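Below, chains carry the letters A, B, ... as their sequence lines are ordered, and counting in each starts from 1. Only a predicted model underlies this, so the values are computations on that prediction, with no experimental measurement involved.
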Amino acid sequence: MTQVRVRFAPSPTGRFHLGSARTALFNWLFARKTGGVFVLRIEDTDPRRNTPEALRVLLNGLRWLGLNWDEGPETGGACGPYFQSRRQAVYGRYLRKLHDSGRTYRKDGAVYFRLEGERYLEYDPYLKAEVEKVRAAPQVFVDAVRGQVRRAEEKDFVLVRSSGEPVFHLVNVVDDIAMGITHVIRGEDHLSNTAKHCELFKALGAPLPQFVHLPMILNNKGPGKMSKRGDGVHLEDYSRRHFLPSALVNFLALLGWNPKDDSEIMSPDRLLEKFDLDGIQKGNARFDEKKLAHVNTEHLRRLPREEFMQRSLSVLQGAGLDVSDLTYSRAVLDLCRDKVRSLDDLPAYVTYFFSDSYPVDEKARRRLMKREDSLPKLQQALACLQSVGEWTEAGLEEGFANLARSHRQKKPFAWFPVTRFAVSGRAGGPDLLPMLALLGPHRTLTRLRRAGRAQRKE
RNA sequence: GUCCCGUUCGUCUAGUCAGGUCUAGGACACAGGGUUUUCAUCCCUGCAACAGGGGUUCGAAUCCCCUACGGGACGCCA
């Protein structure tokens, strides 16, 4: 069997759409799974959309996801160049072939592909005009997901614009032939185009590749495929919010594919182990950000400690927190690991460890500080902590135990919520005692006093 | 409008190709309860689907047909 060659053929637009990302992922998975070659080909035949910045977004997006390509921009390869804007000579050669076999003609300065079959004139309600149609033989092809599909083209179509630029259908097929592509894995929006492409493959005397049409990703709300605009539809929206690439890969893979067992949280390696074309879904899928968040949290929990540290430190630094005391910062992060749900939440979760001007959760204030006994509790906690001998977790525990005993309580838990709120401005967080130990006596006592003063004023 | 593809809980999906083991399984979300100093975790419980109709069959989520609905394509965009 010949080696699998697949391609991801994006058009640079300046954004990296999640639908594209999933198509890239499936191509990559299939290539890696089969020991095949993953080709990256840039379909920049529309000069208006084609900028260096747009290309950079694309390449960075793929790198962020960890989808390395074997042939393409930067890596090169035997079938280059990998930019369609630089392949004019190739298209010229194939065009000549079509011309020589009588399958092209010129009209209005453009080059058209000639279908074979009886011609007739008909009013086309879609184009709102009388057009020439052709009774062409239906093209029959096998789609790996949907089985046999049959569709007949009925209109000649443009191959080269009057400006001289070749159009998508031509370059796409020519490059798939010239680059030896064996499997065309792409979105279902191309299923209807496939008949057109089959016409070209046949007219050029090339064998058909195996087609694999992926279900569409639909908008979470409202009709239609995931829109090109709007929030949360581009890869950058998620990288910016510090989602883990492995989580996005996992989630995207599950959108239109499943491993047939109940596995859900999978590393890229695990995904690779499980991936196969059979598991691809026929029906369209809707993007659910809540589920993504869940997958992301699970990936965060599974992150090795050191990687969690590195990513967290960089997120905190990006949020303007001073993490230069690495021993301290790491100690803070150790307290939060397995607690915080996303890296995006992390800065707000730990600001009070790094600064005295931290945000205060007003809802928590209303709930905790409105109570009659909050001021006495605060004062008692302050008094107790002031007399703690050794400012360690054990010392603090002993101090609180004494406090409880003097109020004939078994446990000091009654003082915990107000204390936590007073020193952090939050209702939740890491375990209280280690948190106070790390915060140190100075900040803890200062904040408790400050909270007491604020409380007296009310 | 024409053609192509699809349709199982609110969402992602298992089960469909090889009809019975499906009183339809899992996950997210949601609701309730338990554990927990808080938060998170964890545990338990609940909610909730075979689009509709007709056929084939002893038996249909599964096979066939029709309808409805959804998506896509029909461009000198990709």
Side-chain angles (χ1 to χ4, degrees), chain A residues 9-13 20 43-46 48-49 84 107-112 122-128 131 133 138 143 145-147 149-155 157-169 171-172 186-196 213 215-218 220 223-225 251 254-265 278-279 281-295 297-298 301 336-341 345 349 364 368 400 411-421 424 426-433 435:
Chain A
S11 169
T13 61
S20 297
E43 305 219 330
D44 53 355
T45 52
D46 184 355
R48 281 161 311 192
R49 294 193 195 175
Q84 292 188 327
K107 194 173 97 185
D108 304 330
V111 178
Y112 278 74
E122 189 179 69
Y123 178 77
D124 186 319
Y126 177 74
L127 295 176
K128 296 189 178 67
V131 295
K133 295 200 174 171
D143 182 89
V145 177
R146 284 146 233 282
V149 178
R150 131 198 324 258
R151 185 175 189 274
E153 279 307 307
E154 54 173 19
K155 288 190 287 261
F157 51 90
V158 170
L159 298 175
V160 183
R161 301 185 189 107
S162 49
S163 64
E165 298 151 359
V167 304
F168 164 73
H169 299 298
V171 299
N172 190 267
R186 63 192 355 173
E188 203 206 280
D189 45 347
H190 287 294
L191 191 61
S192 304
N193 290 329
T194 305
K196 213 171 269 178
H213 284 98
M216 298 277 84
I217 302 177
L218 267 30
N220 192 212
K225 64 176 173 180
F251 177 73
L254 257 19
L255 230 44
W257 172 84
N258 75 84
K260 303 281 180 189
D261 54 25
D262 287 334
S263 319
E264 288 218 307
I265 304 303
D278 275 352
Q281 186 76 7
K282 291 189 181 75
N284 296 338
R286 232 164 258 279
F287 186 88
D288 179 9
E289 215 181 292
K290 290 233 176 86
K291 180 106 179 201
L292 203 209
H294 163 75
V295 172
T297 301
E298 292 300 317
R301 295 269 147 81
C336 302
R337 202 152 110 80
D338 302 329
K339 290 263 188 188
V340 71
R341 296 176 65 84
D345 290 345
Y349 200 78
L368 289 169
F400 270 114
K411 298 279 183 184
F413 299 153
W415 289 269
F416 278 26
V418 283
T419 304
R420 170 188 299 284
F421 179 79
S424 73
R426 297 174 66 88
D431 292 341
L432 184 66
L433 268 18
M435 167 183 150

Across all chains, not counting sequence neighbours, the ring pair (Phe, Tyr, Trp, His ring centres under 6.0 Å) partners of A/Phe416 are A/Phe400, A/Phe413
Pairing partner (Watson-Crick or G-U wobble, both distances under 3.5 angstrom) of B/rU56: none
Can you tell me how far C1' of B/rG6 sits from CE of A/Met216, to the nearest Å? 12 Å
Do A/Lys339's NZ or CZ and the ring of A/Tyr349 fall within the cation-pi criteria of under 6.0 Å and 45°? no
Nearest to the side chain of A/Ser192, which nucleotide is it out of B/rA73, B/rC76, B/rU37? B/rA73
Can you measure A/Arg150 atom CZ to B/rC3 atom P for me and round it to whole angstrom units? 14 Å
Taking the side chain as every heavy atom from C-beta outward, state whether A/Lys260 and A/Asn258 have any pair of such atoms under 4.5 Å apart. yes
Starting at the 5' end of RNA chain B, which residue's closest nucleotide do you reach first, A/Pro430 or A/Val158? A/Pro430
B/rU2 P sits how many Å from A/Asp124 CG, rounded? 11 Å
Looking across every strand, which nucleic acid part, if any, lies under 4.0 Å from A/Arg146 by heavy atom: base, sugar-phosphate, or nothing? sugar-phosphate
Once you round it to whole Å, what is the distance between C1' of B/rU2 and NZ of A/Lys133? 7 Å
By the 4.0 Å heavy-atom rule, please label A/Asp108 as base, sugar-phosphate, or nothing. base
Of B/rG6, B/rA78, B/rG75, the nucleotide closest to the side chain of A/Tyr126 is B/rG75
When the distance from NZ of A/Lys282 to P of B/rC4 is rounded to whole Å, what number comes out? 17 Å
Salt-bridge test for A/Lys291 and A/Glu264: reply yes if a basic N is under 4.0 Å from a carboxylate O, no otherwise. yes
Can you tell me the pairing partner of B/rA73 across any strand shown, Watson-Crick or G-U wobble, with both distances under 3.5 angstrom? B/rU2
Between the protein and nucleotides 40-43 of chain B, which nitrogen or oxygen pairs come in under 3.5 angstrom?
unit_1	atom_1	unit_2	atom_2	d
B/rA40	O3'	A/Arg341	NH1	3.1
B/rA40	O2'	A/Arg301	NH2	3.4
B/rA40	O2'	A/Lys339	O	3.3
B/rU41	OP1	A/Arg341	NH1	2.8

Check the distance between B/rA78's C1' and A/Arg186's CZ and give it to me in whole angstrom. 11 Å
Measure from the side chain of A/Asp189, starting at C-beta and using heavy atoms only, and say which of B/rG1, B/rC76, B/rG72 lies closest. B/rG72
Scanning all shown strands, the Watson-Crick or wobble mate of B/rA40 with both distances under 3.5 Å is none
Indicate, with a heavy-atom threshold strictly under 4.0 Å, whether A/His169 touches base, sugar-phosphate, or nothing. base
Could you state the atom-to-atom distance from CD of A/Glu153 to P of B/rU2 in whole Å? 17 Å
Evaluate side chain to side chain donor-acceptor pair (under 3.5 Å) for A/Ser20 paired with A/Arg186, printing each intermediate quantity in order. CA-CA 9 Å; A/Ser20 297; A/Arg186 63 192 355 173; over 6 Å; no
Taking protein heavy atoms under 4.0 Å as touching, what does nucleotides 12-28 of chain B look like 5' to 3' if B marks base contact, S marks sugar-phosphate-only contact and - marks none? BSSS----------BBS
Using the P atom as the point on both nucleotides, what is the distance between B/rA27 and B/rG72, in whole Å? 32 Å
Which part of the nucleic acid does A/Asp143 contact within heavy-atom distance under 4.0 Å: base, sugar-phosphate only, or nothing? nothing
Please state the C1' separation for the pair B/rU8 and B/rG15 - nearest whole angstrom. 9 Å
Base paired to B/rC9 (Watson-Crick or G-U; both N/O distances under 3.5 angstrom): none
N/O (side chain, A/Arg161) to phosphate O (OP1/OP2, B/rC77) under 4.0 Å: yes
Taking the same atom, P, in B/rC43 and in B/rG20, what whole-Å distance lies between them? 33 Å
May I have the step-by-step check of salt bridge (charged side-chain N to carboxylate O under 4.0 Å, His left out) for A/Asp124 and A/Lys133, ending in yes or no? CA-CA 9 Å; A/Asp124 186 319; A/Lys133 295 200 174 171; 3.6 Å; yes
Strictly distance-based, threshold 3.5 Å: is any side-chain N or O of A/Arg420 a donor or acceptor partner for the main-chain N or O of A/Pro430? yes
Once you round it to whole Å, what is the distance between P of B/rC3 and CD of A/Glu122? 11 Å
Looking at A/Phe287 versus A/Phe251, is the centre-to-centre ring distance below 6.0 Å? yes
Check every strand shown and say whether A/Lys155 touches a base, only sugar-phosphate, or nothing at a heavy-atom separation below 4.0 Å. sugar-phosphate
